[in-house]
There are 2 protein chains.
Amino acid sequence: MKYSEAKSDLIQAWGNLGYSWGLNKVMAQIHALLMVSAKPLSAEEIMEELKISRGNANMNIRALLEWNIIYRISVPGERKEFFRAEKDTWVLARQVAKERRKRELEPILKTLKNVSAVENDGTEETKEFKKVVKELKGFAEKSDGLLDTFIKAEENWFWSTIMKVFK
Amino acid sequence: MKYSEAKSDLIQAWGNLGYSWGLNKVMAQIHALLMVSAKPLSAEEIMEELKISRGNANMNIRALLEWNIIYRISVPGERKEFFRAEKDTWVLARQVAKERRKRELEPILKTLKNVSAVENDGTEETKEFKKVVKELKGFAEKSDGLLDTFIKAEENWFWSTIMKVFK
DNA sequence: TTAAACTTTCAGTATTTATTGAAAGTTTAT
DNA sequence: ATAAACTTTCAATAAATACTGAAAGTTTAA
């Protein structure tokens, strides 16, 4: 397989995967492109490689910066801004986990906590509701705890601990 | 907080959460409604509660059935089909994990495996590409393994094992 | 067999999300 | 101060996704 083909395949696949994190396709594709690049790229280069407009590039670069999974690089002697991706997979994974926890888990935890306070009105419906909410809340809290551990963990420790226990 | 308000809040929040799993809003809302219901509901009841069309209800019920997180119930003496959600949070979580693994993780694993076979052409770009792909592949495989363990695990064992090690 | 009850499908439409390209804004070099 | 280089913004448009309501299809009771 040729490099250009492999790169294109990875960028496409990453574009699709990004939807599951809450990224749009182009945002994820820019990320993939920066991840596999040996050096930082300018918005112009990104535009050209992915065949997107300057505005689209700008907006999605911005969003990736907000996720803190790419960084803005100033190169002496260049007016242009350059961008590079986080290159350490572990750091990347933790950062993605952190953002998703904030965007996905925290809102549902908050709602579950709020609706836990539903009044006891004696009906079967409310009884079932409370039961379901209690269980969901428990699961969500445990998951939050596990995610917290992951976000704070050192890579070797995390995987070796997992392997030790689960094998 | 009144039951009806709590229910509505949860359904809304679940609708938003569902996007992160690859469900659309109504699909997730139907799921939430069925989860908190004390008894199975018909398509008619779902339509009325969520104020959606019969066609929309049907399509999203169908999708949830495909995810295997709700079940079709035949009630003797009734022509209508009824639906109920999986009520065991653990079983639900595992099923969601299973589906997402299939839809999200497997495609990227496959692509990473494919592009690992990129030719060595001696360029810096290809060298960097191979390095990044190797790391991503490693992380994805480990995550797949962890997910596999989760999908197959018994609830008490899983959480107590996690707690024992991480605390 | 017929018709009522029920479910599914689908073409057209509505809504949401994504994208564009140029205007507006900012920075830097002369 | 001026203009070139660069970045951001935004109104309009395009594309994708979601939804409708009625037609088509299926099941059941009489």
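Hydrogens, waters and symmetry mates play no part in the numbers below; they use all other heavy atoms, side chains included. Residue numbers begin at 1 in each chain, while the letters A, B, ... track the order of the sequences.
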### Query
Of the residues in residues 16-24 of chain B, which ones touch DNA chain D at a heavy-atom distance under 4.0 Å?
B:Asn24
### Task
Output the residues of residues 69-78 of chain A in contact with DNA chain C, where contact means a heavy atom of the residue under 4.0 Å from an atom of the strand; sort by number or write none.
none
### Between D:dT17 (P) and B:Asn60 (CG): distance, integer Å
15 Å
### Query
Does the separation of the ring centres of A:Trp14 and A:Tyr19 fall below 6.0 angstrom?
no
## Note on the structure
Taking every heavy atom of A:Glu45 against every heavy atom of A:Pro40, the minimum-distance pair comes out as OE1-O, 4.3 Å
### Summary
Smallest heavy-atom separation, B:Arg100 atom then B:Ser20 atom, equals NH2-O, 3.2 Å
### Closest non-hydrogen atom pair, A:Lys130 against A:Ser116
NZ-O, 3.5 Å
### Query
Given the rule in the salt bridge (Lys or Arg N to Asp or Glu O under 4.0 Å) test, do A:Lys137 and A:Glu141 qualify, once you have shown the distances and angles that lead to the verdict?
CA-CA 6 Å; A:Lys137 185 162 172 288; A:Glu141 281 167 354; 3.1 Å; yes
### Query
On DNA chain D, nearest-nucleotide positions of A:Arg79 versus A:Asn58: which is more 5'?
A:Arg79
Could you pull out all donor-acceptor pairs under 3.5 Å where a side-chain atom in residues 66-84 of chain B meets a protein atom, sequence neighbours excluded?
unit_1: B:Tyr71; atom_1: OH; unit_2: B:Glu86; atom_2: OE1; d: 2.5

Please output the side-chain donor-acceptor pairs of residues 2-10 of chain A that fall under 3.5 Å, not counting sequence neighbours, one pair per line with the distance.
unit_1: A:Lys7; atom_1: NZ; unit_2: A:Glu49; atom_2: OE1; d: 3.3
unit_1: A:Lys7; atom_1: NZ; unit_2: A:Glu49; atom_2: OE2; d: 3.3

### Query
Atom CE of B:Met59 and atom C1' of D:dA22: how far apart are they, to the nearest Å?
13 Å
#### Entry: Between P of D:dC10 and CZ of A:Arg62, the distance in whole Å
11 Å
### Query
Near DNA chain D, which residues from residues 30-54 of chain A have a heavy atom under 4.0 Å away?
A:Arg54
### Summary
Tightest non-hydrogen contact, residues A:Ser143 and A:Leu105, listed as C-CD2, 4.5 Å
### Query
Are B:Glu44 and B:Arg54 within salt-bridge range, i.e. N to O under 4.0 Å?
yes
### Query
Taking it one step at a time, do A:Lys102 and A:Glu106 satisfy salt bridge (Lys or Arg N to Asp or Glu O under 4.0 Å)?
CA-CA 5 Å; A:Lys102 182 165 57 172; A:Glu106 282 174 15; over 6 Å; no
### Query
Tell me, do B:Leu92 and B:Val96 make a side-chain contact under 4.5 Å, heavy atoms counted?
yes
#### Entry: Nucleotides bounding contact with chain B, strand DNA chain C, heavy-atom threshold 4.0 Å
C:dA4 to C:dT9
### Task
Answer yes or no: does atom NZ of B:Lys87 have more than 12 heavy-atom neighbours from other residues, nucleotides or ligands under 6.0 Å?
yes
### Query
For B:Met27 and B:Ala63, which heavy atoms make the closest approach, and how far apart are they?
CE-CB, 3.5 Å
